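Only a predicted model underlies this, so the values are computations on that prediction, with no experimental measurement involved. As a basis for the values below, the full set of heavy atoms in this structure was taken, side chains included, without hydrogen atoms, waters or symmetry mates.
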Amino acid sequence: MYYSGKLLWIVSLYLSTLLSLTNCYTITVDAHAEECFFENVEADTKIGLTFEIAEGGFLDIDVKITGPNGEVIYRGDRETSGMYTFSATTSGRYTYCFSNQMSTMTPKVVMFNLEVGDAPNKNTGEKEEEANHNKLEDMIKELSTTLKTVKHEQEYMQVRDRIHREINESTNSRVVMWSIFEASVLLVMTLGQVYYLKRFFEVQRVV
């Protein structure tokens with residue numbers, strides 16, 4: 001019983017640590033600009049990039065991931081959101097860029113998360129106890145990855161909800177302004193017609 005409680009405490013502490021180490025960023029990419037970031041990783045390490053455009057224009061941006069040798073691993077044009085995971089083929093610096101060069105004057109606000117897995121363990125001849133420990137650790141890592149994915153999806157749903165709410169409020173404001181404009185035009189036309197008829201009858205009376 002004591003062992004199970006201690007194990008549960010260790011798992012909870014490990015998961016909270018992994019979640020706190022998630023790289024979550026929010027940046028603003030100006031028009032005709034490009035923002036790039038890099039991460040040094042070892043070969044066979046898993047890398048995951050998740051992004052969402054929160055504000056700006058048509059909510060689209062160009063995304064590119066390049067490897068240490070300059071090869072293009074992933075390229076996306078005018079994307080609103082995306083999730084891309086791959087394994088590093090070679091050790092070195094991997095660069096990911098968000099480009100807003102297609103925009104003439106509107107900056108874009110980008111939310112993104114970069115997840116870098118642990119380097120693969122190349123040691124052989126492990127003992128059975130160490131193998132069981134590593135198996136448990138792998139299960140915890142897999143669970144933490146799932147929790148981080150759910151957490152990211154919740155954040156993106158909040159962003160989408162805020163964007164849709166702003167669009168609805170903007171549309172409602174435009175409808176109200178247009179209704180006021182139409183009412184003003186009708187009022188001016190009515191007053192103009194009354195004034196014209198009044199002047200017409202006054203001229204007839206004088207004649």
Check your understanding: Can you get from Val109 to Met102 by hopping between Ile, Leu, Val, Met, Phe, Trp and Tyr side chains that sit under 4.5 Å apart?
Key -> no
Review point. Is any side-chain heavy atom of Phe37 closer than 4.5 Å to a side-chain heavy atom of Phe112?
Key: yes
Point to revise | With Lys108, the side-chain hydrogen bond (donor to acceptor under 3.5 Å, both in side chains) member among Thr28, Asn100, Asp30 | key: Asn100
Check your understanding: Is any side-chain heavy atom of Thr66 less than 4.5 Å from a side-chain heavy atom of Tyr94?
Key -> no
Exercise for review: Answer yes if Phe98 and Tyr74 sit in the same cluster of Ile, Leu, Val, Met, Phe, Trp and Tyr residues linked by side chain heavy atoms under 4.5 Å apart, and no otherwise.
Suggested key: yes
Review point. If you group Ile, Leu, Val, Met, Phe, Trp and Tyr by side-chain heavy-atom gaps below 4.5 Å, do Val185 and Trp178 land in one group?
Key: yes
Exercise for review: Drop me the distance from Cys97's SG to Asp62's CG, to the nearest 0.5 angstrom.
Suggested key: 11.0 Å
Review point. Under the salt bridge (Lys or Arg N to Asp or Glu O under 4.0 Å) rule, what pairs show up with a residue in residues 64-89, not counting sequence neighbours?
Key: Asp60-Arg78
Exercise for review: Rounded to the nearest 0.5 Å, what's the gap from CZ on Arg93 to CD on Glu39? Could you check?
Suggested key: 10.0 Å
Review point. Are Tyr84 and Ile27 co-members of a hydrophobic cluster defined by side-chain heavy atoms under 4.5 Å apart?
Key: yes
Review point. Rounded to the nearest 0.5 Å, what separation is found between the NE2 atom of His32 and the OG atom of Ser99?
Key: 10.5 Å
**Study point:** Close aromatic pair by centroid cut-off 6.0 Å: Phe51 and Tyr96
**Key:** no
Exercise for review: Is it possible for you to say whether Phe38 and Val41 belong to one hydrophobic cluster, with membership spreading through side-chain heavy-atom contacts below 4.5 Å?
Suggested key: no
Review point. Of all heavy-atom pairs between Pro68 and Ser91, which one has the smallest distance, and what is that distance?
Key: CG-O, 3.9 Å
**Study point:** Set of residues satisfying salt bridge (charged side-chain N to carboxylate O under 4.0 Å, His left out) with respect to Arg165, sequence neighbours excluded
**Key:** Asp161
Exercise for review: For side-chain contact (heavy atoms from CB on, under 4.5 Å), just list the numbers for Phe86 and Ile65, CA-CA rounded to whole Å, side-chain angles, deciding distance to a tenth of an Å, and then say yes or no.
Suggested key: CA-CA 10 Å; Phe86 64 97; Ile65 302 176; 4.0 Å; yes
Review point. Closest approach of Ala31 and Thr106, non-hydrogen atoms and distance?
Key: CB-N, 3.9 Å
**Study point:** CD1 on Ile47 to CD1 on Ile73, rounded to 0.5 Å
**Key:** 7.0 Å
Check your understanding: Does Met83 offer a backbone N or O that forms a donor-acceptor pair with the side chain of Thr50 under 3.5 Å?
Key -> no
